[in-house]
Amino acid sequence: MRAIQASAAGGPDVLTLVDLPDPTPGPDEVLVRVAAAGINYIDTYRRRGLYYSVSFPHVVGSEGAGEVVAVGPDVTEVAVGDHVAWSSAPGSYAELVLVRESQVLPVPVGVDLHVAAALPLQGMTAHYLVTSVFAVAPGHDVLIHAAAGGVGLLLTQLAVSRGARVIATVGTADKERLAREAGAAEVIRYRELDDLTRDLPASVRALTDGQGVHVVYDSVGKDTFEASLASLRRRGTMVLFGSSSGAAPQLDPQRLNNLGSLFLTRPTLGDYTATRDELLWRSRELFDAVLTGSLDVRIGGTFPLAEAADAHRALESRSTTGKVLLLP
Ligand code: NDP
């Protein structure tokens, strides 16, 4: 099979197309012919050797959707021919991938496999952020950074559907249009501010009667962290869930007191899909929302498998919107 390997830690150039033997499913695994693999920011961290312990070379990617072509002897709930998706199967940038049965998400009839590949990782992230990290509800003012990104567009829609007023930040005018279509009531083009750390909280307070927001969802990290803290109202919640611009600075807990008894959390998807029931609950709600038309999954770009390096360059240069897929 053809696959994309990261030969060593580094930039997009380390991604190379290789030929590898077709994998054979172990007892609790299924073998899937990949229809589309999802590109996620975490793939770029792993490629660069950041934050996670990864060995090189490794086949990149963890998300996708496709058709089951073989099952291991202990597999009971998945059969050859099933359409499945997953958020956590190492080596997904490939024509074939092994997925543990415990990680398989059934794709309902009526959901296209490309949409199914676009949803698991970013969709379940948006879902756990608005349901379980901070339960977004009517009356909440919510600040979402990078709102036209993969997680951002889904998070904006889910927060709005739960009754919140979303204040979004985005990099460009095109991204502003997408954030508004997703339901953002207010959009701030944060790259145009003279001083993001000073001016963003001022803009947010002007939009919230001087109070600040109930919760900030911050995936940008280094560039926005201080502005996010300063945009919160008393007892607000700071959800730092990514570092697209680099790692956030160290924080003395005393500052949370001085800023108004703030809450700070740094969550990760694995801890919010820790049981099979929780994983299935989140994915089922997302697929249902797609089927009823209440959730729009924007596929902003597709790249042939061999062009994975270009897909990473696009994501890291902030030129993508919504989901980016690799097509084997
Ligand atoms: P996105 O599609 O959101 O792409 C990243 C976006 O971040 C860019 O388009 C850009 O939007 C913004 N950005 C701001 N500063 C920078 C910068 N210096 N370099 C690059 N991008 C920048 O990616 P994903 O949806 O895949 O992931 C978003 C974030 O969420 C990532 O940080 C990822 O690690 C995190 N994440 C965390 C999870 C968790 O469970 N903790 C799970 C999934 C994702 P703009 O132009 O509008 O500024």
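Because only heavy atoms are used, hydrogens play no part in the values below, and waters and symmetry mates are left out as well, while side chains stay in. As the structure lists them, so they are numbered: ligands from 1, and atoms in each ligand from 1.
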ask   = Quick one: does His127's side chain get under 4.5 Å of Gln122's, heavy atoms only?
value = no

ask   = Do Arg180 and Glu186 meet the salt-bridge criterion of a basic N to acidic O distance under 4.0 Å?
value = no

query = For atom 9 (O) of ligand 1, what is the nearest protein heavy atom, given as residue, atom name and distance?
reply = Lys175 NZ, 3.2 Å

ask   = Relative to ligand 1, is Leu121 under 4.0 angstrom through side chain, backbone, both or neither, heavy atoms considered?
value = side chain

query = Quick one: which ligand 1 atoms are inside 4.0 Å of a heavy atom on Glu316?
reply = 19 (N), 20 (C)

message = List ligand 1 atoms under 4.0 Å from Val170, heavy atoms only on the residue side.
response = 47 (O)

task = Answer side chain, backbone, both or neither: which part of Glu176 comes under 4.0 Å from ligand 1, heavy atoms only.
result = neither

query = Does a side chain donor of either Trp86 or Ser62 reach within less than 3.5 Å of an acceptor in the other side chain?
reply = no

task = Identify, for atom 47 (O) of ligand 1, the protein heavy atom at the shortest distance, and state residue, atom and that distance.
result = Gly171 N, 2.8 Å

task = Check the hydrophobic clustering (I, L, V, M, F, W, Y; side-chain heavy atoms under 4.5 Å; chains of links allowed) and say if Leu113 and Ile39 are grouped together.
result = no

ask   = With under 30° as parallel and over 60° as perpendicular, where do the rings of His140 and His214 fit, or are they tilted in between?
value = tilted

inquiry  = Below 30° counts as parallel, above 60° as perpendicular, anything between as tilted: where do the rings of His312 and Tyr93 land?
reply    = perpendicular

request  = Please indicate whether any nitrogen or oxygen in Leu269 is less than 3.5 Å from any nitrogen or oxygen in ligand 1.
outcome  = yes

ask   = Which is closest to atom 6 (C) of ligand 1 in terms of heavy atoms, Gly246, Ser245, Ala146, Gly150?
value = Ala146

request  = Could you tell me the residue and atom name of the protein heavy atom closest to atom 29 (C) of ligand 1, and the distance to it rounded to 0.1 Å?
outcome  = Ser219 CB, 3.4 Å

ask   = Is ligand 1 less than 4.0 angstrom away from at least one heavy atom of Tyr272?
value = no

inquiry  = Is there a polar contact, in the sense of an N or O pair closer than 3.5 Å, between Ser244 and ligand 1?
reply    = yes

ask   = For ligand 1, is any non-hydrogen atom under 4.0 Å from Ala148's backbone (N, CA, C, O), its side chain (CB onward), both, or neither?
value = neither

message = Could you tell me if Ser132 and Arg282 have a donor-acceptor pair between their side chains, going purely by distance under 3.5 Å?
response = yes

ask   = So which protein heavy atom does atom 40 (O) of ligand 1 come closest to, and at what separation?
value = Tyr128 OH, 2.7 Å

ask   = Would a distance-only check, ignoring hydrogens and angles, find a side-chain to backbone donor-acceptor pair under 3.5 Å from Glu101 to Thr76?
value = yes

key: Basic-acidic side-chain contact under 4.0 Å: Arg2, Glu95   = yes

query = Can you tell me the protein heavy atom closest to atom 23 (O) of ligand 1 and the distance?
reply = Tyr41 CD1, 3.6 Å

message = Between Arg165 and Asp141 (salt bridge meaning N to carboxylate O under 4.0 Å), is one present in this structure?
response = yes

request  = Answer yes or no: does an N/O atom from Gly149 fall short of 3.5 Å to an N/O atom of ligand 1?
outcome  = no

ask   = Against heavy atoms of Ser243, which atoms of ligand 1 measure under 4.0 Å?
value = 32 (O)

key: Close N or O approach (Asn40, ligand 1; < 3.5 Å)   = no

remark   = The protein heavy atom nearest to atom 36 (N) of ligand 1 is Phe241 O, 3.6 Å

message = Is it the case that ligand 1 has an N or O less than 3.5 angstrom from some N or O of Val220?
response = no

ask   = With no hydrogens and no angle check, is any side-chain donor or acceptor of Glu176 less than 3.5 Å from a backbone partner on Ala173?
value = no

query = What are the atoms of ligand 1, with element, lying closer than 4.0 Å to any heavy atom of Arg191?
reply = 14 (C), 15 (N)

task = Could you point out which residue of Val34, Asp22, Val97 forms a side chain to side chain contact (heavy atoms under 4.5 Å, CB included) with Met1?
result = Asp22

inquiry  = Regarding ligand 1, does Asp223 bring an N or O atom to under 3.5 Å of one of the ligand's N or O atoms?
reply    = no

request  = Report the nearest protein non-hydrogen atom to atom 44 (C) of ligand 1: residue, atom name, distance rounded to 0.1 Å.
outcome  = Val151 CG2, 3.8 Å

request  = Enter the distance from Leu98:CG to Thr24:OG1 here, rounded to the nearest 0.5 Å.
outcome  = 7.5 Å

Protein contact of atom 8 (C) of ligand 1 - nearest heavy atom, named by residue and atom, plus distance = Arg318 CG, 3.9 Å

